[in-house]
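Contents: one structure, followed by commentary.
Convention: sequence-line order gives letters A, B, ...; per-chain numbering from 1.
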Amino acid sequence: MKERLERGKAVTRQIREDLRRRVEEALRCAAAAGDLKLPLFPTVTIEVPREKDHGDYATAVALGMARTEKRAPREIAEKIVRHLPKDGVGISRIEIAGPGFINFFLAHDWLHDVLRLVQAMGSAYGQTEHGAGKKVQVEFVSANPTGPLNVVNARAAAVGDTLVRILAASGYDAHREFYINDAGNQVARFGLSVEARLRELVGQKVQFPADGYPGEYVRDLARKVLERDGEVLLGLNQEERVRRLAEFGVREMVKDQKALLARYGVEYEVWFSEKSLRDEGAAEKVVEVLQGRGYTYEKDGAVWFKSTIFGDDKDRVLVKSNGEFTYLVPDIAYHWNKYDRGFETVIDLLGPDHHGYIDRLRAAVEAGGYDPRSLEVIIVQMVRLIRGGRPVRISKRAGEFVTMEELLDEVGKDAARFFFLMRSADSHLDFDLDLARVQGNENPVYYVQYAHARICSILQEAEKRGVAFPDPAEVDLTPLATPEEVELMKKIAALPEEIIEAAEAREPHRLTVYARDLATLFHSFYTECRVLGAEPGLTAARLVLVDCTRIVLRNVLELLGISAPERM
RNA sequence: GCGCCCGUAGCUCAGGGGAUAGAGCAAGGGACUUCUAAUCCCUGUGUCGCAGGUUCGAUUCCUGCCGGGCGCACCA
């Protein structure tokens, strides 16, 4: 299959489709020849067998056809194989195995085409047009601007950011968004807390608010603002002072959160302010619209949203009896706003304490006239930090660390992101701090990065020895024939499809599994196969293979937001 | 009580309607005159929580139960 690989499409999908087409054609031919009855046309799926002894690809169609054909599956499989068209990807061997599987063993030419494709595409290898430019928004972290980010925020940031990266690589128009809760109750309490600390600093006797924010960072904020314009503030009446301090505090916290997330490799397209929505009257508008559509009623002096008619398990208050909006109202406004900005799929990453929130949010989306299925929610489960084999007590008073910043200081961005991306988001995670800090073989991050560094070292050595890198379009790749080389090529070929599948399943953690598998295959190759010092033809082919591995490792690490060091 | 997540090897977890269920760590034994030993190779372990159901086939899908975690505000 010379130059038949399309760039915008996952290579392994093209192979799979080719095989499926040919099996379907074989079924038709067999029926026409009277070998099969074919009362109804079966769905042909081409799968990758778990055992590699079972071929590169396999299909179980014959198994499902036994009943309608009134014949043994193996016999049916034989008929299919007999009529299989010869065109398309080269097949070196076909076997009928087990209860009636058809196993395909492919000739290696297609893998050589893959290597050439990797060389041609470079950092773009892995990207496809699968998503066809569909607009997707992922909202994640969205922590309150009243305190530092915690470790679950760090987990959500890793998951959300990589999800956006793989969606973008899959051809979606994907956007990151952070919703700033810079309005409402908690901001007011925050302002009061800063204000209390400020007055403490100048020696006034103050009762710290009972529901205030006790953290040391609040004192730091007070110190900072005191230096800057303490005199002016202390001259104001209390209400005005609290308002200004709330504003100041929020601005500072958001600034810190932005900086920390940037250090973590996360750059949002949009930081969306709740206050801006409130200021433009979006909250009132939501209540009006819902009222206009008859989705509300009044009870006990409050305005309720009849969310139960959209599947929620109880109705929700929109306007409290004291006239304030509940947090739900601006959230509804925000979600409607997302759709109005043209997002076709909206993905929210929420903490485990917010899962009860999903139904009412979806109800609100539907009540707004949008498709509730277009709202997806990923629950990012809790994180337990493990040190010395036991959970770190998350106790603010005991001063055991809980913040994202402290985590980054301790283990670094690469380890933190990798560890958070090793598990699926919806399962609880034990984060082993000791393991994350180990600069050695037990640490999976270093294992993957080391593979990359090793390759760079080979390429540098080649240059030093004056071994020219071959022209990938011309080089003969047929010498690549050991099991290690073939497995490595197959893994390289799988990248684009892995990315698509991870994106579709919204499961970025699959990429860390892939990265580790690829590194393992490379390390095995490295042990078994010498690149430099082999015969020139073999060296040339292996240089290409090794360089393709480097490209793929780098591309995967880039998707994970982890550095790819050239030396370690 | 209701809802969500989880239950797979000693530990932490992947996987997933198919043919012998995997990885890492931990334990033991090997492999560096060579391109980085932060590596590789070999060795053992499973009632896939339990019970039903659907299916030619279930660890995977469905239901129930048991166990663990987390939610169930006119807080956000």
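- In terms of polar N and O atoms assigned as donor or acceptor, the side chain of A:N103 comes within less than 3.5 Å of the base of B:A19 in a complementary pairing.
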- Message: Please encode protein proximity along nucleotides 71-76 of chain B as a string of B, S and -, counting only heavy-atom distances under 4.0 Å.
- Response: SS-BSB
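- At a threshold of 4.0 angstrom between heavy atoms, the contacts of A:V513 are confined to the sugar-phosphate backbone, with no base atom among them.
- The side-chain tip of A:R155 does not point at the ring of A:F420 from less than 6.0 angstrom away and within 45° of straight on.
- Centre separation under 5.5 Å together with a plane angle under 30° holds for the ring of A:F101 and the six-membered base ring of B:A19, marking them as stacked.
- Within the nucleic acid shown, A:C456 has no heavy atom closer than 4.0 Å to any nucleic acid atom.
- Ionic pairing of A:R74 and A:E78 is not present here: no N-O contact between side-chain nitrogen and carboxylate oxygen is shorter than 4.0 angstrom.
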- Item | Dot-bracket pairing map - RNA chain B, Watson-Crick plus G-U, both contacts under 3.5 Å, | cross-strand | (((((((..((((....[...)))).(((((.......))))).....(((((..]....))))))))))))....
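- In this structure, A:F104 has its ring center no closer than 6.0 Å to that of A:Y57.
- Residues passing the salt bridge (Lys or Arg N to Asp or Glu O under 4.0 Å) test with A:R251: none are found, sequence neighbours excluded.
- At a threshold of 4.0 angstrom between heavy atoms, the contacts of A:A462 with the nucleic acid are absent.
- Using a 3.5 Å distance cut-off with no hydrogens or angles, the side chains of A:D426 and A:S424 do pair a donor with an acceptor.
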